[in-house]
Amino acid sequence: MWAQLITMRLKPGQDEGLATVIEQLRATEQPGSGMVRSLALRDQKDPAKVSFLVVFESEEAARARESDERRQAGLEAARA
């Protein structure tokens with residue numbers, strides 16, 4: 001098993017947009033990526049701060065997913 005903790009900030013005024021971001025991230029996932037589970041965690045003291053704990057089968061699967069061009073193209077909507 002291998003895990004990554006990814007932290008991001010929601011843009012001001014877009015606190016309700018978290019559900020949309022989560023759906024956009026799920027839509028970019030490719031079959032066989034090695035991802036086992038993903039959890040979204042919102043900071044209670046700073047609601048604009050969101051962390052994602054993503055668990056993979058292995059470090060190699062996580063690294064391959066990072067460089068997958070199909071996934072990178074799909075992430076553009078979430079980054080906006």
Please check this pair: side chain of R37 against backbone of V55, looking for a donor-acceptor N/O pair closer than 3.5 Å. no
Would you say R65 and F56 make side-chain contact, with heavy atoms under 4.5 Å? yes
Hey, quick one: are L41 and L25 part of the same hydrophobic cluster, counting side-chain heavy atoms closer than 4.5 Å, chains of contacts allowed? no
If you take all heavy atoms of G34 and A61, which pair is closest and at what distance? CA-CB, 4.0 Å
Student check: side-chain heavy atoms of L10 and V50 closer than 4.5 Å: yes
Looking at CZ of F52 and CD of Q4, how far apart are the two atoms once the value is rounded to the nearest 0.5 Å? 13.0 Å
Using the salt bridge (Lys or Arg N to Asp or Glu O under 4.0 Å) rule, collect all pairs that involve residues 50-59, keeping only residues at least two apart or in two chains. E59-R63
Same cluster for I22 and I6 if Ile/Leu/Val/Met/Phe/Trp/Tyr side chains link at under 4.5 Å? yes
With the side chain counted from C-beta on, respond yes when D46 and R9 share a heavy-atom pair under 4.5 Å apart, and no when they do not. yes
So, taking the atom named CZ in R26 and the one named OG in S38, what distance separates them when rounded to the nearest 0.5 Å? 7.5 Å
Search all heavy atoms of S58 against all heavy atoms of W2 and return the closest pair with its distance. C-CB, 3.5 Å
